[in-house]
Trainee: 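Got a structure for you, written out below as structure tokens; questions coming shortly.
What you see is a predicted model; the values in this text were computed from it and never measured. This chain uses plain numbering: 1 for the first residue, then up along the sequence.
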Amino acid sequence: MSTIAQLHKEIYDFLMEYHQVNPTFKFAPRTRSIANGRGYQDGYWFNGNDDYLFIGLYSPNDSVNKTRTIGIFIQLRQSLIQKAYLLITYRDVAQIPDIPFYNKLVERLKQNSTLHQERENKYQLHFENPRDWQTWLPNFLENQKPIIDRYIEEQGRRDDFFINQDWFREHTNAIRNVRNNTSIQFNTPVNINRIVNQIPQNMPHYPLNQILYGPPGTGKTYQTVALAYQIVHQLPLDEDIDYTLARAWYKQELAKNHDRQVEFITFHQNYSYEDFIAGIKPALNDDSLGFREHKGIFFEVCQRALKNYEDSQRSTAEIQRDQLTEAFFEEFKNSIIEHLEMAPYPISNSVKIHDVTESAFVYGNTTNNYMKFQDILKIFANPEATSRQSASQTPNISGLARQHITYYYNVVKLFRDFSTQHNISSQPIPAQPLKNYVLIIDEINRANISRVFGELITLLEEDKRWGNDFETEVLLPDGFTKFTVPKNLYIIGTMNTADKSIALLDIALRRRFEFIPLYPDASKVKDEYQLFFNTLNQRIKDKKGIDFCIGHAYFMPPQDRSFDFVKAMNQKVIPLLMEYFYNARTTQNDVKQLLEEALSVSGLPLQIEENMFQIKIVAS
């Protein structure tokens with residue numbers, strides 16, 4: 001493979017990795033191969049030839065305006081980079097009615113950078129050490145490109161310049177298809193500790209732990225979807241998003257079987273530490289009752305986030321090593337399965353493996369013991385596990401593994417011998433980007449928080465998160481498993497203040513969470529009902545307090561349906577008010593008085609109908 005084609009591949013791979021971390025970022029790759037010129041089959045993924053390479057950062061030129069050229073120009077000589085610069089040029093000046101647009105863009109960039117004017121209507125922002133593209137390209141994407149993006153947004157030219165997702169997918173798919181079917185042999189990718197492995201310097205700050213609190217119907221659960229979408233995609237919290245898109249993404253994320261970045265749980269009075277973090281659960285096996293180890297949703301999402309954080313800090317060589325280990329182990333497991341077709345697989349003079357499940361080897365003579373694959377790999381990965389004693393000191397392995405450490409070590413030794421005798425290939429994988437993970441806890445105040453979180457409440461503090469200055473881990477009650485909460489896990493709770501006052505929450509919890517109020521918003525209610533809505537809530541506030549107001553969601557129609565005010569009042573609002581003002585003798589009178597006052601002030605053509613059992617609103 002030529003040096004230039006290798007450069008195309010490395011830059012293209014980097015930009016695709018950057019796109020995965022920053023989904024809003026797109027670029028313009030080569031759109032077609034040119035007859036008798038360089039193209040896809042030569043491994044040229046960007047426009048150019050043996051003399052230059054051009055990375056389009058915005059929508060390509062159209063058939064009328066030939067001057068939409070804002071991108072990275074890399075000049076080559078004898079296969080080496082000679083110059084690299086941001087190119088802004090306006091050709092065919094007579095055809096452009098908006099030259100001031102480009103001139104103002106240049107002036108905006110000049111405030112932060114030095115632009116060289118090669119000729120009229122052609123500007124270049126040169127990069128130092130042009131051959132070191134692994135340094136200046138990420139720096140440009142994080143510092144200069146946002147300035148251009150903001151300017152285009154301000155000028156209302158998003159549709160003209162920003163690359164369409166369908167167009168981007170079409171052309172990157174074309175390149176992928178060529179790469180999958182070509183005979184070009186690519187060299188091993190360079191090992192670059194680049195910005196995609198770190199939190200971007202300008203990434204918005206999100207509260208690590210926050211609780212959305214307020215009366216019912218104020219959109220707390222609704223808001224968690226938008227927050228999760230912004231945190232996972234690292235978008236500013238004040239940026240408007242398409243909620244329909246966010247909701248569709250949210251549903252897809254929860255439907256994943258592996259590596260979900262969002263988890264949802266609802267607390268209730270019987271929810272416990274063992275449910276949330278770790279414990280044991282009853283298990284029925286062959287008509288006999290036993291127990292099984294249980295890992296709760298908090299434990300699982302912390303483990304996923306922690307693995308991603310640790311992978312993002314490692315070199316590609318380390319990741320490659322682990323990938324090879326997984327490939328070796330899969331082959332090792334398959335060899336045991338093949339052996340079991342003829343006879344049990346011996347791991348000592350008297351103990352044999354006689355079955356393989358999805359996650360463990362089943363061994364033993366009189367009883368079935370389960371040797372978990374994850375425990376074997378943890379011992380194998382311990383560089384000091386060269387003896388049975390040191391292997392038994394490996395952290396985070398189960399109690400059974402420690403009790404039967406001799407058998408485990410025998411299997412680890414068999415695995416080591418197998419991996420050295422076999423040559424198993426594995427495709428290199430790119431360095432892993434740091435991702436954000438979100439745990440949503442609905443109705444967080446309905447459980448006993450101190451009991452559910454236990455000693456782990458200390459780990460929620462920002463400085464004690466794994467990866468921060470005072471990173472801390474604790475030993476779980478099983479006496480073996482060490483546990484920590486990583487810095488890339490965000491917790492969002494919701495709390496109905498009419499259900500329980502925030503003053504009753506554990507002080508330790510309140511200190512570790514940021515509390516975000518969500519109260520009724522009249523602007524979301526139809527104009528003709530706003531005066532009734534405000535009056536009713538004012539009267540409730542005077543009598544019961546702000547935490548018992550009626551949320552705007554009760555006065556908003558379901559999607560694609562008209563709003564029936566009378567039905568909403570009789571079936572939702574009045575029953576809620578009856579609950580708020582519950583008293584064996586005065587409830588109905590209290591609620592009737594509230595409604596009469598609100599209807600009188602609002603002037604709605606409605607009246608209250610009452611009998612000995614209930615009250616309801618009807619047309620006048």
Side-chain angles (χ1 to χ4, degrees), residues 188-189 191 258-259 292-293 295 303-304 306-308 310-311 313-432 478-482:
T188 302
N191 180 10
H258 303 287
D259 197 28
R292 62 178 175 84
E293 186 179 36
K295 300 300 184 185
Q303 292 301 102
R304 290 200 298 272
L306 180 62
K307 183 179 186 304
N308 171 257
E310 292 177 339
D311 285 347
Q313 305 303 305
R314 298 188 301 163
S315 67
T316 53
E318 292 173 310
I319 299 173
Q320 176 75 4
R321 180 197 61 202
D322 286 353
Q323 187 190 41
L324 285 170
T325 298
E326 293 177 5
F328 285 140
F329 192 79
E330 188 67 24
E331 292 296 321
F332 175 65
K333 183 175 66 175
N334 290 338
S335 69
I336 292 179
I337 293 173
E338 291 178 4
H339 190 282
L340 293 176
E341 294 178 357
M342 298 177 290
Y345 189 92
I347 56 177
S348 73
N349 291 335
S350 58
V351 177
K352 298 178 177 64
I353 293 174
H354 51 81
D355 196 7
V356 179
T357 70
E358 184 177 348
S359 61
F361 294 130
V362 182
Y363 69 101
N365 295 327
T366 57
T367 60
N368 290 341
N369 294 315
Y370 292 85
M371 184 180 296
K372 294 182 179 179
F373 301 149
Q374 62 184 24
D375 287 335
I376 296 171
L377 291 173
K378 285 173 184 175
I379 298 172
F380 178 82
N382 183 6
E384 297 180 355
T386 55
S387 68
R388 292 168 177 77
Q389 181 178 2
S390 60
S392 66
Q393 297 170 356
T394 301
N396 296 324
I397 62 174
S398 66
L400 183 60
R402 294 173 186 273
Q403 295 173 15
H404 293 179
I405 195 63
T406 298
Y407 305 140
Y408 276 75
Y409 184 74
N410 287 349
V411 173
V412 170
K413 184 177 184 303
L414 291 169
F415 177 39
R416 289 189 194 280
D417 293 342
F418 179 88
S419 61
T420 56
Q421 295 170 6
H422 294 74
N423 181 21
I424 303 174
S425 61
S426 179
Q427 293 296 321
I429 59 176
Q432 299 299 297
D478 64 6
F480 302 108
T481 306
K482 289 185 177 181

Trainee: Over all heavy atoms of both residues, which pair between N410 and S348 is shortest? Give the atoms and the distance, please.
Mentor: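 Nearest heavy atoms, N410 then S348: ND2-CB, 3.9 Å.
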Trainee: Are the side chains of I353 and Y407 in contact, using a 4.5 Å heavy-atom criterion?
Mentor: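 Heavy-atom side-chain distance check fails, nothing below 4.5 Å.
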Trainee: Of the non-hydrogen atoms in F418 and S335, which two are nearest, and what is the gap between them?
Mentor: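 Heavy-atom minimum between the residues: CE1-OG, 4.0 Å.
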Trainee: Once you round to the nearest 0.5 Å, how far does OH of Y363 lie from NZ of K352?
Mentor: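 Interatomic distance, Y363 OH to K352 NZ, rounded to 0.5 Å: 15.0 Å.
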Trainee: Would you say K333 has more than 12 foreign heavy atoms packed within less than 6.0 Å of its NZ?
Mentor: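 For K333, atom NZ is crowded (more than 12 foreign heavy atoms under 6.0 Å).
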Trainee: Just verifying a value: how many Å separate D375 CG and F361 CZ, rounded to the nearest 0.5 Å?
Mentor: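 It is 12.0 Å, given to the nearest 0.5 Å.
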Trainee: Quick one: does R304's side chain get under 4.5 Å of K307's, heavy atoms only?
Mentor: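 With C-beta onward as the side chain, the pair stays apart.
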Trainee: Evaluate side chain to side chain contact (heavy atoms under 4.5 Å, CB included) for K295 paired with T481, printing each intermediate quantity in order.
Mentor: CA-CA 11 Å; K295 300 300 184 185; T481 306; 4.1 Å; yes
Trainee: If the condition is ring-ring contact (aromatic ring centres under 6.0 Å, His included), which residues does Y345 pass it with, not counting sequence neighbours?
Mentor: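 Partners of Y345 under the ring-ring contact (aromatic ring centres under 6.0 Å, His included) test: H339.
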Trainee: Please name the pair of heavy atoms, one in P346 and one in L414, separated by the smallest distance, quoted to 0.1 Å.
Mentor: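 That would be O-CD1, 4.3 Å.
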Trainee: Using 30° and 60° as the class boundaries, would you call the ring planes of F329 and F415 parallel, tilted or perpendicular?
Mentor: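 F329 and F415: perpendicular rings.
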Trainee: Please identify each residue that fulfils salt bridge (charged side-chain N to carboxylate O under 4.0 Å, His left out) with D259, with sequence neighbours left out.
Mentor: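 Checked D259 against salt bridge (charged side-chain N to carboxylate O under 4.0 Å, His left out); matches are K435.
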Trainee: So which atom in V411 and which in M371 form the shortest heavy-atom distance, rounded to 0.1 Å?
Mentor: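 So the minimum-distance heavy-atom pair works out to CG2-SD, 3.5 Å.
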Trainee: Holding to salt bridge (charged side-chain N to carboxylate O under 4.0 Å, His left out), I want the full list of residues that pass it with E310, two or more places apart in sequence or in another chain.
Mentor: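 Expected list: none.
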Trainee: Would you please test D355 and Y370 for side chain to side chain contact (heavy atoms under 4.5 Å, CB included) and show each step?
Mentor: CA-CA 9 Å; D355 196 7; Y370 292 85; over 6 Å; no
